[in-house]
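When a ligand or atom number is given, it counts from 1 through the structure's own listing order.
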Amino acid sequence: MTRPAGVPRVHEDLSEVLFDEEEIRAAVERIGARISEDYRDRDLVLVGVLKGSLFFLADLSRAISVPHQFDLVGAHSYRGVKPSEQVTVDKDISLDLRGRDVLIVEDIYDSGKTLKVVYDMVRLYQPANVEICALISKNVPREADLPVKYVAFEIEDVFVVGYGLDYRERYRHLKCIGALNPEVYE
Ligand code: 5GP
Ligand code: MG
């Protein structure tokens, strides 16, 4: 069967699957258990960064056994596969964070630019404390060093998609996390 013109392939566009569904599930369970331990008897609010952390946030929230709430902020710096200079915030927090224990949930800790913007924004609301949980931490030089307390996966500097992560808004629905074949964007 031939593909209609303009419709991208899906799994065939990955050069490698880095983490499959089962590995992701196990890592999220592990972090959820640690958070449940660390946030016992506290006032936890997860703040997910749209859109990349959406599936991670949804799974993580259900892996946390202590009471908590969650909210979402919109912030992004990527255009295609290259970071852009500008970080755009297009959705603010709606829960009251004052005096509460905030855990920012981000897809990827890369240069740290996006996270720094979200971190500073969250702190304006005067929470009791702010920590960060990242699905992936990339082994790259940081522009901003941040208190990233929980990390599910560490990777080298490759461009990845799946489990919420996109390339031009595609591939988010993949159940695995994989390296995008450079042929797709070169
Ligand atoms: P930073 O501001 O830390 O340089 O970039 C972080 C943001 O860039 C992440 O929230 C994520 O949205 C995006 N990003 C960084 N690396 C990748 C990647 O390998 N794949 C995808 N899809 N997005 C990435
Ligand atoms: Mg993002």
What distance do Glu154 atom CD and Asn139 atom CG have between them, rounded to the nearest 0.5 Å? 7.5 Å

Nearest 0.5 angstrom please: Tyr167 OH to Asn181 CG, how far? 11.5 Å

Is it the case that Arg142 places NZ or CZ above or below the six-membered ring of Tyr109, under 6.0 angstrom from the centre and within 45 degrees of the axis? yes

Please determine if Arg42 forms a cation-pi arrangement with Tyr39, meaning its NZ or CZ atom is less than 6.0 Å from the six-membered ring centre and no more than 45° off the ring axis. yes

Atoms of ligand 1 less than 4.0 Å from [X] heavy atoms?
{"X": "Lys113", "result": "1 (P), 2 (O), 3 (O)"}
{"X": "Gly112", "result": "1 (P), 3 (O), 4 (O)"}
{"X": "Ser111", "result": "1 (P), 2 (O), 3 (O), 4 (O)"}
{"X": "Asp166", "result": "21 (C), 22 (N)"}

When you measure from the heavy atoms of [X] to every atom of ligand 1, does any distance fall below 4.0 Å?
{"X": "Leu115", "result": "no"}
{"X": "His76", "result": "no"}
{"X": "Tyr167", "result": "no"}
{"X": "Glu143", "result": "no"}

Measuring from atom 17 (C) of ligand 1, which candidate in Leu146, Val87, Ile108, Asp107 has the nearest non-hydrogen atom? Ile108

side-chain hydrogen bond (donor to acceptor under 3.5 Å, both in side chains) pairs touching residues 27-38, sequence neighbours excluded, are Ser36-Ser65, Glu37-Arg40, Asp38-Tyr150

Please list, chain by chain and in numerical order, all residues satisfying ring-ring contact (aromatic ring centres under 6.0 Å, His included) with Phe19, sequence neighbours excluded. Phe153

Judging by distance only, is a nitrogen or oxygen of Lys138 under 3.5 angstrom from one on ligand 1? yes

State, without any angle test, whether Tyr125 and Asp92 hold a side-chain donor-acceptor pair at a distance under 3.5 Å. yes

Full working for salt bridge (Lys or Arg N to Asp or Glu O under 4.0 Å) between Lys116 and Asp120: CA-CA 6 Å; Lys116 175 84 168 79; Asp120 290 345; 2.7 Å; yes

So which bit of Val158 gets within less than 4.0 Å of ligand 1, heavy atoms only: side chain, backbone, both or neither? backbone

